Amino acid sequence: MTPAGSLLVARDLRKSYGPTPALDGASFSIHPGEVVAVMGPSGSGKSTLLHCLAGIVTPDSGSITYGGRELSTMSDGRRSALRRTEFGFVFQFGQLVPELTCTENVALPMRLNGVKRKEAEEHALRFMAQLEVDDLGAKRPGEISGGQGQRVAVARALASNPKVLFADEPTGALDSLNGERVMQLLSDAARSSNTAVVLVTHEARVAAYSDREIVVRDGKSRDLEYAG
Ligand code: ADP
């Protein structure tokens with residue numbers, strides 16, 4: 001049974017790379033607007049779980065539904081459209097385009113979806129203001145700090161108004177002060193736009209910004225809410 005009101009639900013996911021099981025029966029669910037931290041030691045399967053949930057990696061078995069629709073039965077085109085329109089991504093290194101200014105980076109996904117430059121950049125600046133990086137709009141990624149770059153990357157992910165933001169160790173390359181600042185702004189911005197966040201981290205101080213934690217160990221996760 002799908003837990004009431006869940007947006008994204010995974011049941012009993014299994015995935016092996018050769019003889020190595022990366023996921024060995026993981027279950028997960030998230031509600032709209034909720035921030036969930038996926039925790040566990042290195043190599044336990046956190047990134048594989050996130051990539052399966054985001055439709056980037058196909059599990060060997062198990063089911064993943066988004067808004068009640070099974071991901072595995074969607075065409076590749078439909079799945080990438082879902083990723084483009086409903087999901088946002090932030091990784092350990094912001095992966096900003098070095099040749100573009102920060103504003104152009106945040107506006108880029110909207111521009112690719114056909115939004116006019118002026119409108120896209122105005123919208124971008126509103127999200128950059130929420131992440132307190134609007135004064136860096138004219139700078140290029142090489143001219144700003146790692147923490148500022150991650151905040152620009154969060155603004156870019158949120159500006160397309162995703163229903164789910166996937167963040168894989170988003171503060172992993174930052175010192176603790178900058179890491180906490182990024183997490184505070186990320187969680188505030190996500191909550192104010194009712195975006196659910198799946199946050200992969202191995203750090204308790206990062207997980208402290210979540211509403212709920214699930215722990216992955218040896219490819220197994222037990223989502224207490226889901227199990228209940
Ligand atoms: P975590 O994110 O918790 O560090 P991962 O999901 O990255 O864990 O990895 C889980 C296990 O799967 C590890 O043993 C890892 O070596 C293996 N693994 C992950 N991705 C691949 C891959 N593309 N090819 C081979 N093995 C992989």
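Note that the structure is predicted; figures quoted are calculated from it, not measured. Atoms within a ligand are numbered from 1 in the order they appear, just like the ligands themselves.
- Considering backbone and side-chain N/O of S44, one or more are found under 3.5 Å from N/O of ligand 1.
- Looking from atom 8 (O) of ligand 1 to the surrounding protein, the closest heavy atom is G45 N, 3.1 Å.
- Contact between R156 and N105 at its shortest, heavy atoms only, is CD-O, 3.1 Å.
- For an aromatic pair to be called close, the ring centres must be under 6.0 Å apart, and Y66 with F87 satisfies this.
- The presence of a protein heavy atom under 4.0 Å from atom 27 (C) of ligand 1 is confirmed.
- The residue among A22, G43, S16 with a heavy atom at the shortest distance from atom 13 (C) of ligand 1 is G43.
- When non-hydrogen atoms are compared, ligand 1 lies under 4.0 Å from the backbone of T48 as well as from its side chain.
- Of all atoms in ligand 1, listed by their number and element, those nearer than 4.0 Å to a heavy atom of S42 are 4 (O).
- A heavy-atom distance below 4.5 Å is found between the side chains of E70 and S63.
- More than 12 non-hydrogen atoms from other residues, nucleotides or ligands lie less than 6.0 angstrom from CZ of R205.
- If you check which protein heavy atom lies closest to atom 14 (O) of ligand 1, you get T20 CG2, 3.7 Å.
- Among protein heavy atoms, atom 18 (N) of ligand 1 sits closest to Y17 CD1, 3.5 Å.
- Side-chain atoms of E34 come within 3.5 Å of backbone atoms of H31 as a donor-acceptor pair (strictly under, hydrogens ignored).
- Proximity of P41 to ligand 1 is established by a heavy-atom distance of less than 4.0 Å.
- Distance alone, capped at 3.5 Å, is enough to place a donor-acceptor pair between the E104 side chain and the T101 backbone.
- Using a cut-off of 4.0 Å between Lys/Arg side-chain N and Asp/Glu carboxylate O, R191 and D211 are scored as salt-bridged.
- With hydrogens left out, the protein atom closest to atom 7 (O) of ligand 1 is S47 CB, 3.8 Å, a heavy atom.
- For ligand 1, the atoms sitting less than 4.0 Å from at least one non-hydrogen atom of K46 are 1 (P), 2 (O), 3 (O), 4 (O), 6 (O), 8 (O), numbered in the order shown with element in parentheses.
- Within a 4.0 Å radius of atom 16 (O) of ligand 1, the protein has no heavy atom.
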Problem - I30 and V198: CA distance, side-chain angles, deciding distance, side-chain contact (heavy atoms from CB on, under 4.5 Å) verdict - result: CA-CA 8 Å; I30 193 166; V198 183; 3.9 Å; yes

